[in-house]
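Below is one structure, written out as structure tokens, with a few remarks after it.
On a predicted model such as this, the values are computed, not experimentally measured, just so you know. In what follows, chains carry the letters A, B, and so on, assigned in the order in which the sequence lines appear, proteins first and then strands, with residues in each chain numbered from 1.
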Amino acid sequence: MTDAPALSVTKLSHAYGARKALDDVSFSLERGSFAVLLGLNGAGKSTLFSLVTGLYSAGFGRVDIFGFDVAKQPGEALRRLGVVFQARTLDLELSVTQNLLYHAALHGIGPLEGKRLARESLERAGLADRASDKARDLSGGQMRRVEIARALLHAPKLLLLDEPTVGLDIKARADILAHVRELVRREGLAVLWTTHLIDEIEPGDRVIVLHRGKMLANGTAAEIVRAQGVATIGEAFEGLTAEAIPSPRARGEG
Amino acid sequence: MTTAPAPHPGPLPASGEREQARAFTSAQYAICLGGIVWREALRFLHQRERFVSALVRPLVWLFIFAAGFRSVLGVSIIPPYDTYVLYEVYITPGLMAMIQLFNGMQSSLSMVYDREMGNMRTLLVSPFPRWFLLGSKLFAGVAVSVLQVYAYLIVAYFWDIEPPTKWGYLTVLPALALSGLMLGALGMLLSSLIKQLENFAGVMNFVIFPMFFASSALYPLWRVKESGPWLYYFCALNPFTHAVELIRFAFYEHISWESLAAVVIYASLFLIAALRAYDPAKGLLTRKGG
């Protein structure tokens, strides 16, 4: 277990009835590193997300977070994990701080310590002045930042974000991305960033390409571009997904 | 607004350091339970209409339905009553259980809503064991439903509906806790079975109405027996009948052992099924594609 990677996914497969949503996916994410999980809608990203967060167990394979098997020791795995879901999950009627205190309680952190951590984490997100506002009154981008602050409240060393920029305008998208990259650089956080947006990828980023449940590539964006013999990651992605054998059963899954 | 770097709140182990498993203490369990109850309470306070409608619904039954039917429906002397009772008095335990039934279904509705909106995920990624998280949520719901029942009893008191002695208000509490638990667990089970919010109208039709009308809430079961044996058997097996009878007897400082046993058994069954439905390995969540 010594020096276990932040996230390790081993031979993960999952099916909904006859439909295979994930097929033999393996990759790992080192401590303090940033990786993009790239795939179209229906690629299996949401399924992977559900399995990593222990919402339900995989049909086959395993997921470890810092060496703890999500299926066998979910508590130990989940307390080291911060998650930002694609859907907005703040309680809109509650204040920003109340939302964070609820999260703190769900991690066994009492109100006193919770308030201190909430203040710190809002400061890091640049939202200290909105602490007592109702979540409903925040903009979409601010809500996302609060959700990131909330996910980091219990100081996990691995952060998962499921399409965090969906529904945001260009400015807010860039802000969120820059904020998360900064957290990786400054605090040694390991981040798995899920997206279907090519333009969020930088050449040095580690990219895992998922398509119809299968992992098609795993390397830095520059490496993938080189291996495909094209000019951009967008072209590389198109090339990879075109090569994949089309499945007649494939359909959107969200 | 400041964007100055703040220190990371927790110590990051150096790379290579072995991760230690750390179990939660009982104080942390208490904090988690407290947090879940606190959130339910805040949400309840923010939904004033919900409280008002929870209070008005049984009062409409009491003031209009019961007043209209008191002359039509005679109730003979049956335990726990020693004398003839007014129809309003007869249906009060049924209305208390109705408050809890609606509350259980309301929780179910909000769990489906939470799941669709993703809030349920926030709860389920908590590192505490899932049975504890769901149990805490259930506990919070029962506490809210018991408060609603007492609010109703205060109004009913001014309508001259009260237990034979004031002790009845106390002895009914454990009965309310048990029936609330049973109906809340049923709601939780249903929430795992309902795929989408739109299907909730079906729950109204196929759960709330049959449970309420085919029970001893509005008429004693011996009257139902006269109408036909099958309906009687259905009513006698209906968990809601036993919730009503448990409350009715407890309000009169008696225990209906039969109903107590039935409520405990039904509550356990619903609870086990609900926990199973939300169990990551066996769960029904798996089939929905998350």
Side-chain angles (χ1 to χ4, degrees), chain A residues 1-4 16-17 21 31-32 46-47 49-50 53-57 66-68 71 73-81 83 85-89 91 93-94 98 101-110 116-117 120-121 123-124 126-129 153-155 157 186-188 253-254, chain B residues 1-13 15-25 27-36 38-39 42-43 45-47 114 116-130 133 279-290:
Chain A
M1 204 185 290
T2 306
D3 216 6
Y16 301 112
R31 296 172 182 222
S46 294
T47 301
F49 227 77
S50 298
T53 55
L55 184 65
Y56 42 82
S57 305
F66 291 101
F68 292 101
Q73 289 178 282
E76 292 300 331
L78 290 176
R79 65 195 299 166
R80 289 166 174 79
L81 172 71
V83 194
F85 292 108
Q86 188 175 340
R88 300 276 149 78
T89 57
D91 275 317
E93 296 303 324
L94 269 49
Q98 285 172 337
L101 288 179
Y102 173 57
H103 178 88
L106 289 181
H107 283 81
I109 300 168
R116 188 180 68 78
L117 292 176
E120 282 181 11
S121 124
E123 262 167 33
R124 276 196 295 161
L127 284 167
D129 56 335
L153 187 89
H154 59 284
K157 286 150 279 166
R186 208 173 59 206
E187 294 172 12
E253 170 220 323
Chain B
M1 172 153 35
T2 167
T3 48
H8 199 263
L12 283 173
S15 178
E17 184 179 320
R18 190 188 155 90
E19 291 279 342
Q20 291 294 328
R22 311 160 282 177
F24 282 116
T25 63
Q28 286 178 307
Y29 273 89
I31 285 168
C32 180
L33 170 64
I36 290 172
W38 173 74
R39 172 180 178 259
L42 278 179
R43 274 163 58 103
L45 289 176
H46 284 294
Q47 299 174 327
D114 275 1
E116 286 213 334
M117 297 302 136
N119 293 41
M120 197 67 189
R121 308 277 300 259
T122 323
L123 181 73
L124 296 182
V125 292
S126 159
F128 284 94
R130 201 166 280 189
L133 297 170
D279 181 320
K282 308 179 186 99
L284 303 146
L285 293 170
T286 314
R287 291 179 215 148
K288 290 185 201 106

Practice problem: Please report the shortest heavy-atom distance between Glu76(A) and Ala23(B), naming the atom on each side. | Solution: OE2-N, 4.0 Å
Exercise. For the pair Leu124(B) and Thr53(A), evaluate side-chain contact (heavy atoms from CB on, under 4.5 Å) and give the outcome as yes or no after the intermediate values.
Key: CA-CA 9 Å; Leu124(B) 296 182; Thr53(A) 55; over 6 Å; no
Exercise. For Ile31(B) and Gly108(A), work out which heavy atoms get closest and say how close.
Key: CD1-O, 3.7 Å
Quiz item: Do you know which of Ala104(A), Ala71(A), Gly54(A), Ala77(A) has the most heavy-atom pairs under 4.5 Å to chain B?
Solution: Gly54(A)
Practice problem: Taking all heavy atoms of Leu123(B) and all of Tyr102(A), pick out the closest pair and write down the distance. | Solution: CD1-OH, 3.5 Å
Practice problem: Give a yes or no answer on whether the side chain of Arg130(B) reaches the backbone of Leu55(A) with a donor-acceptor pair at less than 3.5 Å. | Solution: yes
Quiz prompt | Straight-line distance of Leu45(B) CG to Leu94(A) CG, nearest 0.5 Å | solution = 10.0 Å
Quiz item: Side chain, backbone, both or neither: which part of Phe85(A) has an atom under 4.5 Å from a heavy atom of chain B?
Solution: side chain
Quiz item: If you count heavy-atom pairs under 4.5 Å between each of Gly35(B), Gly34(B), Ala30(B), Ser126(B) and chain A, which one has the most?
Solution: Ser126(B)
Self-check item: Part of Leu81(A) within contact of chain B (heavy atom distance under 4.5 Å)
Solution: neither
Self-check item: Six-ring centre of Phe49(A), Arg121(B) cation under 6.0 angstrom, axis tolerance 45°
Solution: no
Practice problem: Considering non-hydrogen atoms only, spot the tightest contact between His107(A) and Phe24(B) and give its length. | Solution: O-CE2, 3.6 Å
